[in-house]
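One structure is given here, and the rest of the page talks about it.
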There are 2 protein chains.
Amino acid sequence: MNNETTLVCSPVSEKPHCGAADHRERVMGIRDAIDVLSGKWKIEIIGALLFGGRMRFMDVMREVPGIAAKMLSKELHDLEAHQLVKRTVMDTKPITVEYEITPYGKSLEEVIITIANWGLSHRKKIMKG
Amino acid sequence: MNNETTLVCSPVSEKPHCGAADHRERVMGIRDAIDVLSGKWKIEIIGALLFGGRMRFMDVMREVPGIAAKMLSKELHDLEAHQLVKRTVMDTKPITVEYEITPYGKSLEEVIITIANWGLSHRKKIMKG
DNA sequence: CAGAATCCGGCACGATACTG
DNA sequence: CAGTATCGTGCCGGATTCTG
């Protein structure tokens with residue numbers, strides 16, 4: 001995963017007259033999205049921040065059960081590099097840091113909700129057997 | 001990844017009267033969805049099958065640029081185990097196999113489209129910046 | 001053509017300990 | 001509290017070869 005905000009695929013070389021077979025574009029879109037959201041934790045973290053609002057490191061840990069501090073730290077930095085999350089350091093007595101979704105990160109809300117809803121219905125289906 | 005169709009999280013223990021803090025459920029949903037869709041390729045494969053319709057192994061390979069045969073085979077089996085994809089063996093002279101999205105797999109269409117669209121707009125943003 | 005088998009490197013992820 | 005540092009491991013995923 002690059003720190004730089006690059007694209008996975010090279011831009012569309014040519015698209016003479018937008019005809020059929022533009023799934024190619026969709027595939028590229030999927031690839032770019034996966035690139036940003038890859039891994040076991042990113043989507044959960046964004047979801048937590050999205051629905052929990054601005055919160056501190058430890059709060060995020062609580063909202064994302066099972067994640068290790070190192071992972072959370074790394075993923076948050078990745079998300080910050082992609083401008084999806086904003087980090088704010090408060091100089092209180094013991095230093096506190098707050099994280100929140102950026103306006104751009106908000107654009108992921110629909111994606112997250114859609115995924116969460118599907119997961120929930122999938123869970124119900126599995127539980128019924 | 002389990003072969004069995006299990007859930008990552010244990011079911012909701014109690015939810016007295018659906019009050020606040022039900023992001024917990026959403027987080028569980030996200031986790032279940034990630035579990036099914038994890039990895040670098042699954043979403044792309046589903047997308048290809050969703051928009052490309054029933055097709056053969058080699059066609060899927062063409063639709064998912066860069067994937068190795070082993071990966072594609074493995075991912076397709078995973079998806080089949082989760083009942084998202086159906087495999088059909090035709091006994092032609094050189095054996096051919098066809099893959100297609102199941103009705104249940106269709107339920108992922110909204111998810112995939114949402115992701116693809118976000119990825120596309122993200123791509124545009126990055127290219128400008 | 002559709003894949004199974006094998007080999008292999010890297011990194012995603014985890015556990016623990018330490019710091020300001 | 002909010003992290004870094006360090007160490008270890010599994011498995012993800014790629015390349016290649018073999019089969020029916």
Side-chain angles (χ1 to χ4, degrees), chain A residues 1-4 8-9 27 30-31 34-46 48-49 52 54-82 85-100, chain B residues 1-4 6 8-9 30-31 34-46 48-49 52 54-82 85-100:
Chain A
M1 207 66 50
N2 333 356
N3 256 344
E4 296 300 318
V8 179
C9 314
V27 169
I30 291 175
R31 202 166 284 211
I34 297 288
D35 189 51
V36 173
L37 302 175
S38 67
K40 190 179 175 181
W41 299 109
K42 291 208 185 71
I43 297 184
E44 260 187 82
I45 293 171
I46 296 173
L49 251 20
R54 161 187 274 238
M55 63 178 78
R56 296 184 299 170
F57 189 85
M58 276 306 178
D59 297 325
V60 183
M61 281 211 75
R62 259 169 247 120
E63 291 293 322
V64 183
I67 194 171
K70 171 190 152 187
M71 265 301 125
L72 181 55
S73 178
K74 188 215 160 210
E75 300 295 65
L76 282 170
H77 276 84
D78 285 359
L79 295 174
E80 196 191 3
H82 283 295
V85 161
K86 178 166 162 245
R87 206 179 93 111
T88 313
V89 182
M90 331 277 286
D91 56 346
T92 51
K93 20 177 189 175
I95 172 181
T96 64
V97 182
E98 298 202 332
Y99 293 92
E100 65 187 314
Chain B
M1 202 69 50
N2 335 356
N3 255 344
E4 295 301 317
T6 53
V8 179
C9 314
I30 291 175
R31 201 167 288 210
I34 297 291
D35 190 51
V36 173
L37 302 175
S38 66
K40 189 177 175 181
W41 300 108
K42 291 209 186 68
I43 298 185
E44 260 189 83
I45 293 171
I46 296 172
L49 251 20
R54 160 189 273 239
M55 63 178 80
R56 295 185 300 170
F57 189 85
M58 275 309 178
D59 296 327
V60 184
M61 280 211 76
R62 257 169 249 122
E63 290 294 320
V64 183
I67 194 170
K70 171 193 154 189
M71 266 300 124
L72 181 55
S73 178
K74 187 210 160 217
E75 301 294 65
L76 282 170
H77 275 85
D78 284 0
L79 296 175
E80 193 189 6
H82 283 296
V85 161
K86 179 164 162 245
R87 207 179 93 111
T88 313
V89 181
M90 331 278 287
D91 56 344
T92 50
K93 21 176 188 173
I95 172 180
T96 65
V97 182
E98 298 204 331
Y99 294 92
E100 65 188 313

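Distances from the side chain of Y99(B) to the nucleotides dT4(D), dG13(D), dG3(C) place dG3(C) closest.
In this structure, F57(A) atom CZ and dG20(C) atom P are separated by 18 Å, rounded to whole Å. Between the CG atom of L72(A) and the C1' atom of dA5(D) there is a distance of 17 Å, rounded to whole Å. In this structure, R62(B) atom CZ and dA2(C) atom C1' are separated by 12 Å, rounded to whole Å. One can place CE of M58(A) at 9 Å from P of dG3(D), the figure rounded to the nearest angstrom. Separating the CE atom of M61(A) from the P atom of dA15(C) is a distance of 10 Å, rounded to the nearest angstrom. In this structure, CG of D78(B) is placed 12 Å from P of dA4(C), rounded to the nearest angstrom. Atom CG of L76(A) is separated from atom P of dC13(C) by 14 Å (rounded to the nearest Å). Rounded to an integer number of Å, the gap from I45(A) CD1 to dA12(C) C1' is 13 Å.
Judged purely by atom type and a 3.5 angstrom limit, K74(B) has no side-chain atom pairing as donor or acceptor with the backbone of K70(B).
Scanning all heavy atoms of the two residues, the minimum distance from P65(B) to E44(B) falls at CD-OE1, 4.3 Å. L49(A) and Y99(A) make their closest contact through CD1-O, 4.1 Å (heavy atoms, listed as atom of the first residue, atom of the second, distance). The two atoms that bring L37(A) and K42(A) nearest to each other are O-CB, 3.9 Å, heavy atoms only. Residues W41(B) and V64(B) share a closest heavy-atom pair of CE3-CG1, 3.6 Å. When all heavy atoms of M55(B) and A48(B) are compared, the pair lying nearest together is CE-O, 3.7 Å.
A68(A) is linked by a side chain to side chain contact (heavy atoms under 4.5 Å, CB included) to nothing, counting only residues two or more places apart in sequence or in another chain. With sequence neighbours excluded, the residues satisfying side chain to side chain donor-acceptor pair (under 3.5 Å) with R62(A) are D59(A). Remark: E98(B) pairs with R54(B) by the side chain to side chain donor-acceptor pair (under 3.5 Å) rule, at least two apart or across chains.
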Check nucleotides 14-16 of chain D for protein N or O atoms closer than 3.5 Å to its own N or O atoms and list the pairs.
residue : atom : partner : partner atom : Å
dG14(D) : OP1  : K40(B)  : NZ           : 3.2
dG14(D) : O6   : K70(B)  : NZ           : 2.1

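Of the residues in residues 85-97 of chain A, those placing a heavy atom less than 4.0 Å from an atom of DNA chain D are R87(A), I95(A), T96(A), V97(A), in numerical order.
Contact check, K74(B) against dG3(C): no side-chain N or O comes under 4.0 Å of OP1 or OP2. For the pair S73(A) and dA2(D), the criterion of a side-chain N or O lying under 4.0 Å from OP1 or OP2 is not met.
Using a 4.0 Å cut-off between a side-chain N of Lys or Arg and a carboxylate O of Asp or Glu, E80(B) and K86(B) do not qualify as a salt bridge.
In this structure, the helix from dC1(C)-dG20(D) to dG20(C)-dC1(D) shows an angle of 40° between the axis at its start and the axis at its end, each fitted on 5 base pairs and rounded to 10°.
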### Task
Check the pair V97(B), T88(B) against side-chain contact (heavy atoms from CB on, under 4.5 Å), reporting the backbone distance first and the verdict last.
CA-CA 6 Å; V97(B) 182; T88(B) 313; 6.0 Å; no
